[in-house]
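Notes for the one structure printed next.
Not measured: the values here are computed from a predicted model. So you know, we letter chains A, B, ... as the sequences are listed, proteins then strands, and number each from 1.
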Amino acid sequence: MKLYNTLTRKLEEFKPITEGKVGMYCCGPTVYSYAHIGNLRTYLNEDFLHRILVRAGYDVHHVMNITDVGHLTSDEDTGEDKMLKAAEQEKMDVLALARKYEDYFFEEEKDLNIIRPRTVCRATEHVQDMIEFVKKLEEKGLAYVSGGNVYFDTVKFGHYGELSWKDISGLQHGARVEEDTNKRNPTDFVLWFTSSKFENQILQWDSPWGRGYPGWHIECSVMSSKYLGEYIDIHCGGVDHIPVHHENEKAQSEGCFGHKWVNYWVHNEFLQLKDIKMSKSLGNILTIPALKEKGYDPLAYRYLAMTAHYRSLLQFTWEALDSAQAALNNLKSRVIEIKKNLSGVVNEDKKAGYLNKFDAAIFNDMAMPQALAVMWEVVKDADINNATKWAILSEMDTVFGLKMDEMKEEVYVPDAEVQALLDARKVARAAKDWAKSDEIRDALKAKGLTVKDLPDGSVEIKQI
RNA sequence: GGCCGGUUGGCAGAAUGGCUUAUGCAGAGGACUGCAAAUCCUUUGAUGUCGGUUCGAUUCCGGCACCGGCCUCCA
């Protein structure tokens, strides 16, 4: 399969380090608040990648970190600690807060049918490993202590800036952020904090440099190498991570290991809300529970995410979500119809033809919109039987993850009151008393029930 | 200030040097229905702008306009 590699800015043929296996590390959430649907677009895209790799026959070891250690809002020794701030606001212990939002996060992922990574690792449970890692960097002369903190020396590292194609000399340092005068170079970043102003930071550990806590980037280098080794096939994250977080992870990892670290860097574009930039720090977040409350199926959001390529900005509008929900509903009724009668022989030629077309799309840098178009072709193909359609669709759904196998007619059982209304309407219709019939239909509609008069004279009733 | 990306029908969003510019939703017409709903059939509709290259450009190149991103934390 082909993947776009941020490092080379090119589409490259994917080749695993070990035949048949893929090690994939994805930056996970910082658990001080709910994950919003923008965050989740990235995790959805990573789920598609995971599923596509599985379809390609790989044994995928998917690792995701949970950032549950307080980290500053910047690489400087300034700013505020987001976790600590949230914990104060919610009057909770920091760790309890982290667990709470971690649980919420996986609930949302479950609603979106995202496969849980094989390894989920928490930063707070790997602090000793981080200390060892920083010690190695220190031994190699790539770290220095200044003002009590330990910093990574990006100039000594030698090839900093490769990922974001950043020219260090051209950076306007301090233009938008307070300068940390402890640093030797503007791009240097903290590996271990001891002298930050957060004396009441609850999550602190002893270290050779004093009591403190780790810098933000170190956890990813440490945990990824712990679970995947020093060579990683794919590293994912949002595009926002390219210039700082991933650049820093890469520098410290390659500095520590002494060789190339990640073969393919895959970055997801943002979801964009019209007129609003949604971010946790601004507090204007839209979450899966919020969508559910408005009556949307979380899988409608999953569907929406599939309609755009992962490297394009996706404009989120309520109209777009409505259209995704409508498409999902239509798909559901089609799938239910298809599954009602699966007798007959599968047309293997047609099946192979469609799946080849599908694979061509997904293996070409995850062209999910095109894969969806192929799916609709199958659904609407009048020349193949249901057995063939279902054989194709069920395979496609291992990638789409729309739970097609669970789609079934929802049987509505009317209560006595509703049944009485239905009986009364039946009588009215038999007498051709249309006014009365319509009146009852409106009354049922007010209760959230739609009535369909089927051609055979029976009545179908559904909850809206 | 520096560096990037984008502009496709009503919305979202693919693709492509020429053939009907996917797909979903919405819209229109018809069948069906007492009327609806659902379904089925049919169907309208788009490449920001000005130039250039070319037999031919939505696609390649350049100017302009507008939108967005990054250089701070962020998926």
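Residues A:H61 and A:Y227 place their aromatic rings such that the two centres sit no closer than 6.0 Å. Aromatic ring centroids of A:H246 and A:H267 lie under 6.0 Å apart.
Here the C1' atom of nucleotide B:A37 and the CD1 atom of A:I440 are 17 Å apart, to the nearest Å. A:M375 has its CE atom 18 Å from the P atom of B:A22, to the nearest Å.
Contact annotation for A:D322: no contact, since no heavy-atom pair falls under 4.0 Å across all strands. At a threshold of 4.0 angstrom between heavy atoms, the contacts of A:L40 with the nucleic acid are absent. Within 4.0 Å of A:H241, counting heavy atoms only, lie sugar-phosphate atoms of the nucleic acid but no base atom. Within the nucleic acid shown, A:R334 comes within 4.0 Å of sugar-phosphate atoms alone, with no base atom in reach, counting heavy atoms only.
Heavy-atom nearest nucleotides on RNA chain B were determined for A:A326 and for A:S312, and the one closer to the 5' end corresponds to A:S312. In this structure, A:S437 and A:Q370 both approach RNA chain B, and ranking their closest nucleotides by distance from the 5' end singles out A:Q370.
Atom name P, nucleotides B:G6 and B:U16: the rounded distance is 14 Å, in whole Å. Across the P atoms, B:U43 and B:U20 are found 15 Å apart, a figure rounded to whole Å. Atom name C1', nucleotides B:U54 and B:G1: the rounded distance is 39 Å, in whole Å. One P atom belongs to B:C41, the other to B:A26, and the distance between them is 15 Å to the nearest Å. With both ends at atom C1', the span from B:C66 to B:C50 equals 15 Å, rounded to whole Å.
Contacts of residues 351-368 of chain A with RNA chain B (heavy atom under 4.0 Å): none. Within residues 424-431 of chain A, the residues having any heavy atom under 4.0 Å from RNA chain B are, by residue number, A:R425, A:R429.
By the side chain to side chain contact (heavy atoms under 4.5 Å, CB included) test, A:P298 pairs with A:D111, A:L112, A:I288, A:K292, sequence neighbours left out. With sequence neighbours left out, the side chain to side chain donor-acceptor pair (under 3.5 Å) criterion links A:Y4 to no other residue.
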Expected list for residues 429-437 of chain A: side-chain donor-acceptor pairs under 3.5 angstrom, two or more places apart:
from: A:R429; atom 1: NH1; to: A:D453; atom 2: OD1; distance (Å): 3.4
from: A:D433; atom 1: OD1; to: A:K436; atom 2: N; distance (Å): 3.3
from: A:S437; atom 1: OG; to: A:R425; atom 2: NE; distance (Å): 3.2

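Judged by centroid separation below 5.5 Å and plane tilt below 30°, A:W376 does not stack onto the base of B:G24.
Helical stems in RNA chain B, defined as runs of 3 or more consecutive Watson-Crick or G-U wobble pairs with both donor-acceptor distances under 3.5 Å, are listed by first residue as B:1-7 with B:65-71, B:10-12 with B:23-25, B:27-31 with B:39-43, B:48-52 with B:60-64.
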